[in-house]
Amino acid sequence: MNTHVKVDEDQTAQARRPFLLKAWYAAALSTEIGPEALFHRKLLGTNVLIYRKQDGTPTALQDRCPHRFAPLHLGKRIGDEVSCIYHALRFDAGGACTHNPHGSGVIPKAAKVRTYPLVEKYGYIWIWMAEEAPDYALLPDYSPLDRGHPNGVGHTYMYLKANYELIIDNVMDLSHIDHVHGEIITTRGQLSPIVPAVVEGERTVNARWEWKQTPAMHIFSKFMPDPEAEARMFFDITWHQPANIQLSVGAIQGPGNLDLVDCVAQYDLHTTTPETETTTHYWFSTRRNHIEEDGDFNAFKIQAMHNAFVDEDFPIIEATQLEMQTNDFFSLDPVLMSNDIAPVKVRRLLQKLIENENGGA
Amino acid sequence: MNTHVKVDEDQTAQARRPFLLKAWYAAALSTEIGPEALFHRKLLGTNVLIYRKQDGTPTALQDRCPHRFAPLHLGKRIGDEVSCIYHALRFDAGGACTHNPHGSGVIPKAAKVRTYPLVEKYGYIWIWMAEEAPDYALLPDYSPLDRGHPNGVGHTYMYLKANYELIIDNVMDLSHIDHVHGEIITTRGQLSPIVPAVVEGERTVNARWEWKQTPAMHIFSKFMPDPEAEARMFFDITWHQPANIQLSVGAIQGPGNLDLVDCVAQYDLHTTTPETETTTHYWFSTRRNHIEEDGDFNAFKIQAMHNAFVDEDFPIIEATQLEMQTNDFFSLDPVLMSNDIAPVKVRRLLQKLIENENGGA
Amino acid sequence: MNTHVKVDEDQTAQARRPFLLKAWYAAALSTEIGPEALFHRKLLGTNVLIYRKQDGTPTALQDRCPHRFAPLHLGKRIGDEVSCIYHALRFDAGGACTHNPHGSGVIPKAAKVRTYPLVEKYGYIWIWMAEEAPDYALLPDYSPLDRGHPNGVGHTYMYLKANYELIIDNVMDLSHIDHVHGEIITTRGQLSPIVPAVVEGERTVNARWEWKQTPAMHIFSKFMPDPEAEARMFFDITWHQPANIQLSVGAIQGPGNLDLVDCVAQYDLHTTTPETETTTHYWFSTRRNHIEEDGDFNAFKIQAMHNAFVDEDFPIIEATQLEMQTNDFFSLDPVLMSNDIAPVKVRRLLQKLIENENGGA
């Protein structure tokens with residue numbers, strides 16, 4: 001009788017701890033969690049319930065009643081508490097059982113639900129899934145997303161059937177954009193020959209490209225003094241553990257620095273959270289420094305970027321996952337080229353961080 | 001070449017014998033097997049063919065031709081025999097090969113199909129799946145289902161994607177009904193505080209609740225002298241190995257015993273048979289002692305109960321199965337409360353019976 | 001991080017080499033590969049890209065870019081070369097990398113794609129999937145398919161969810177046809193009693209049946225001098241490693257030999273290629289020696305045969321695969337009869353050839 005069956009890949013994965021745990025992962029966009037919702041999402045192989053207390057503060061509990069393991073998101077809200085659908089045990093936002101309608105009503109000592117520290121910042125709810133106390137300093141500063149007109153920033157959620165590292169590879173190696181994406185963000189072949197400058201930090205990898213193209217990328221050209229003329233451009237991207245990539249991109253004609261101040265530019269965040277080892281939650285945010293008040297343009301732009309990822313990148317990445325049949329990228333003896341420097345540094349650093357977390361290789 | 005592939009969970013499960021085998025399981029309702037049908041159903045991981053001989057007696061064979069393993073239910077009936085669709089080997093109701101159209105027509109000695117003892121009783125066809133000779137004394141007596149007007153009893157079949165023990169838990173712990181089910185069978189909160197009297201037998205666990213509520217459960221209140229007034233009520237349930245629960249429930253106003261004789265009451269049977277370790281056949285029968293001749297009410301009532309289980313219990317139980325990712329309930333350290341006494345006794349007794357059957361723990 | 005997950009059955013299968021590799025397998029019908037197509041198909045667990053060079057010659061590459069493992073069939077044709085969709089590495093028809101748009105443009109030494117020798121013959125593209133050099137002598141001679149009017153031959157592709165050896169069993173034991181198929185190819189019970197003459201070669205097994213029936217099989221009877229009268233008939237079938245069965249069948253009234261010359265007859269090829277251990281590509285070709293110029297009849301005939309296999313054989317074979325839950329046929333202790341002589345000889349010879357290829361049992 002005591003047999004484990006249907007232990008799916010996820011659980012096995014958890015046992016091997018394939019993910020960095022002492023880290024902040026995006027759990028949801030702030031806008032994904034309505035005031036009354038019992039929102040649930042599988043994160044790093046664990047089902048998590050997220051809801052907002054009546055003061056708006058989000059709270060995260062394991063989505064499992066400790067009594068008979070019914071998902072708590074099937075239950076109902078009672079003020080700041082959640083009542084299990086099955087036998088009506090009630091838990092507060094800190095995971096403590098506050099009501100037991102059964103027998104004498106004594107609350108069993110073990111009737112506790114695991115909670116997860118959350119931080120709500122930059123339009124996201126970030127979650128800490130390690131047992132250890134959260135290290136708030138490990139959440140990067142993405143405050144530029146918050147600065148400026150509300151119509152100057154967009155956020156979107158995407159889901160794909162591939163390991164999250166394949167997405168990090170995708171963004172860290174921007175040499176793919178001329179081949180995968182259309183006119184919207186083409187560099188007209190200017191990017192591929194460039195070997196980006198790559199700088200590795202303790203928990204980060206930065207890569208930077210600078211080039212000229214005629215005209216500028218279409219997302220910027222019409223905001224240039226001469227839309228058809230050559231422009232200087234840059235990409236500056238920084239991966240930060242566990243799975244965030246901050247990407248800045250801009251264009252300028254005439255004098256000025258290749259940065260977010262002088263260029264017509266945007267400040268983006270790509271962040272991913274493994275659902276399982278082979279499925280991934282993926283969010284993209286973009287803040288621009290031009291026509292910031294134009295809500296229609298904002299809506300158009302975030303949708304266009306969403307579509308570019310989903311329609312153009314995802315089919316390739318998902319097909320690659322199926323073809324690889326493993327997440328052990330290096331075991332397949334990939335041919336590595338100059339454009340792989342940044343993503344390979346990320347893979348190796350992330351692997352080192354996970355091994356350190358697990359007590360060394 | 002001699003490689004085992006796609007050995008699915010079911011077969012593995014069989015190898016570990018996670019089920020009690022020396023036991024009677026429901027295979028089908030009598031009404032599920034028409035006179036001409038080659039009915040098939042997977043029971044305890046094995047595909048079984050069931051059909052009625054011309055005298056109406058049911059017979060059960062492994063649903064696999066011993067020649068090239070085509071399912072026999074794809075074949076055709078020839079009198080009391082079944083002819084394999086693939087090469088027309090013919091077998092009688094006792095599993096003996098009676099015709100071989102190939103070569104000299106000699107019947108190979110090994111051309112036998114395994115049969116399973118059946119008993120048709122109480123509206124069910126019961127099957128014995130152990131290799132050992134059947135012990136007819138192990139079939140409980142559910143003859144009250146048969147007694148009375150034919151419009152006073154209803155039967156229904158359900159299927160769900162969860163281990164059968166999660167269903168036994170559900171029925172053995174009736175404290176869930178006020179939380180899961182609607183007005184139809186609410187005890188208005190009266191049941192949860194009661195710790196039922198639980199009595200364990202050699203192969204049984206009985207639990208009994210008695211309480212008062214105003215009005216009686218809706219399934220009974222309109223048959224009470226005063227439909228709106230308080231009534232005394234009882235539940236009396238008995239699990240019998242391997243997977244049957246007989247449930248009696250009734251209500252009374254004024255003097256009288258809390259039993260099926262004095263109360264407005266019904267005598268129910270919940271019985272489950274594992275299809276696999278994570279999928280279950282589930283049947284429910286109910287015999288009432290009031291307006292027994294009303295066929296419309298009978299049809300309405302069995303459908304209402306069917307819907308209550310399928311619409312209200314099953315989503316919770318199936319979600320629980322997914323969340324547990326194991327059938328080893330105790331390995332997940334459940335919080336156990338007073339309402340778990342009966343189901344936990346069942347789990348422990350069933351486990352002991354299986355271990356005994358397998359030669360000790 | 002270096003964890004293998006979602007390694008599916010296919011890959012495991014490859015590791016155990018359950019298939020004969022030093023052999024020619026059908027990869028596609030010639031007509032399946034259009035002049036511009038980047039055709040892909042999984043063969044023996046490996047994804048293969050097949051396309052025609054501008055001179056029409058087919059070429060086969062592993063359908064995986066050696067850089068980041070994107071499937072090459074998602075890319076684009078550039079003359080005789082294929083450019084990967086992801087980062088635009090370009091490969092020629094011999095698998096050599098001819099263009100790297102990244103960094104200095106130097107082509108990495110390891111940037112090679114595995115190629116597979118092909119032969120285009122008899123309406124098929126045949127593939128050699130062993131690492132060792134191809135042995136062209138191992139491709140059987142099916143040139144009779146090519147001889148005669150183009151309307152006298154038909155080809156069709158089918159796919160089924162079963163191990164390829166179950167299909168070989170099906171064709172090598174023609175005793176099933178009176179039981180499985182309808183009027184179209186019935187022998188009116190004449191075939192089953194015959195124990196065919198079986199001759200085993202080094203890489204072949206041949207079986208032959210001769211009998212009389214009234215009238216001839218419906219596919220031939222209307223071409224007989226007296227369509228309603230008795231005819232002499234024959235089947236002559238030869239399995240050739242790894243998975244081809246050449247089947248000749250014909251009917252005659254009056255004097256003459258039971259062969260393709262004297263009879264109203266057809267020369268067929270059944271060939272199968274494992275996609276995985278439990279899924280199979282299956283092709284059927286038929287060349288007839290009567291009304292060879294009738295295109296409508298040709299189209300009707302190949303469709304009728306296609307339908308007979310798909311509608312009548314496949315449901316049995318797929319259900320058998322599910323029932324067996326293993327590809328180790330003999331481990332299930334099949335009852336073997338006289339009609340199994342040919343298919344059992346094939347299974348044993350194929351197993352011996354695979355064991356020899358793997359260095360002995």
Side-chain angles (χ1 to χ4, degrees), chain A residues 9-10 12-13 16-20 163 165-166 169-170 173 175-180 189 191-196 276-278 312-313 315-317 319-341 343 347-348 350-355 358 361, chain C residues 1-15 38 40 42 45-49 61-76 78 82-91 95-97 99-114 276:
Chain A
E9 300 288 348
D10 310 348
T12 316
R16 282 189 265 105
R17 299 191 67 175
F19 309 123
L20 196 66
N163 180 271
E165 292 188 88
L166 290 181
D169 288 344
N170 173 269
D173 175 11
S175 76
H176 76 276
I177 62 175
D178 283 359
H179 312 298
V180 171
L191 203 71
S192 283
I194 302 170
V195 179
T276 67
E277 287 195 61
T278 54
E312 294 169 0
D313 288 303
I316 299 170
I317 296 171
T320 298
Q321 175 77 44
L322 286 176
E323 178 59 30
M324 288 177 63
Q325 295 190 338
T326 173
N327 293 323
D328 186 0
F329 176 69
F330 294 112
S331 75
L332 298 178
D333 291 327
V335 171
L336 297 177
M337 309 193 298
S338 59
N339 54 328
D340 294 303
I341 294 170
R347 279 188 175 268
R348 296 215 160 112
L350 178 55
Q351 184 167 336
K352 199 179 76 181
L353 291 167
I354 292 173
E355 285 169 0
N358 287 288
Chain C
M1 188 65 20
N2 284 321
T3 52
H4 288 263
V5 290
K6 294 277 180 199
V7 174
D8 74 15
E9 299 289 346
D10 310 350
Q11 206 177 56
T12 315
Q14 280 294 79
L38 291 176
H40 68 106
K42 184 179 281 193
T46 298
N47 290 312
V48 177
L49 167 73
L61 282 69
Q62 187 173 4
D63 189 19
R64 169 192 281 197
C65 179
H67 173 223
R68 285 193 164 270
F69 314 121
L72 289 172
H73 78 264
L74 295 175
K76 50 175 188 234
I78 299 176
V82 58
S83 174
C84 180
I85 189 176
Y86 204 177
H87 301 90
L89 286 191
R90 202 183 299 167
F91 301 93
C97 183
H99 180 63
N100 169 13
H102 303 286
S104 64
V106 169
I107 288 168
K109 232 178 135 175
K112 285 194 171 71
V113 179
R114 184 171 170 194
T276 67

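We name chains A, B, ... by the order of the sequence lines, and we start the count at 1 in each one.
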**Under 4.5 Å from any heavy atom of chain A - which part of C/Leu74** = side chain
**Item:** Whether A/Asn163 side chain and A/Glu277 backbone form a donor-acceptor pair below 3.5 Å
**Value:** yes
**Message:** Between C/Asp63 (side chain only) and C/His73 (backbone N and O only), is there a donor and an acceptor less than 3.5 Å apart?
**Reply:** yes
**C/Asn100 versus chain A, the contacting section by heavy-atom distance below 4.5 Å** = side chain
**Message:** Looking only at side-chain N and O atoms, does A/Asp173 offer a donor or acceptor that is under 3.5 Å from a partner on A/Ser175?
**Reply:** yes
**Request:** Select, from C/Pro101, C/Cys97, C/Ala70, the one with the greatest count of heavy-atom pairs under 4.5 Å involving chain A.
**Result:** C/Pro101
**Proximity breakdown for A/Asn170 and chain C, heavy-atom pairs closer than 4.5 Å** = both
**Item:** Residues C/Phe69, C/Tyr86; criterion ring-ring contact (aromatic ring centres under 6.0 Å, His included); working and verdict
**Value:** CA-CA 9 Å; C/Phe69 314 121; C/Tyr86 204 177; over 10 Å; no
**Request:** Identify which of A/Leu322, A/Ile194, A/Leu166, A/Asp340 forms the greatest number of heavy-atom pairs closer than 4.5 Å to chain C.
**Result:** A/Asp340
**Prompt:** Of the listed residues (A/Gly189, A/Pro193, A/Ser338), which shares the most heavy-atom pairs with chain C below a 4.5 Å separation?
**Reply:** A/Pro193
**Asked** Going through the checks in order, is the ring-ring contact (aromatic ring centres under 6.0 Å, His included) test met by A/His176 and C/His102?
**Response** CA-CA 10 Å; A/His176 76 276; C/His102 303 286; 9.9 Å; no
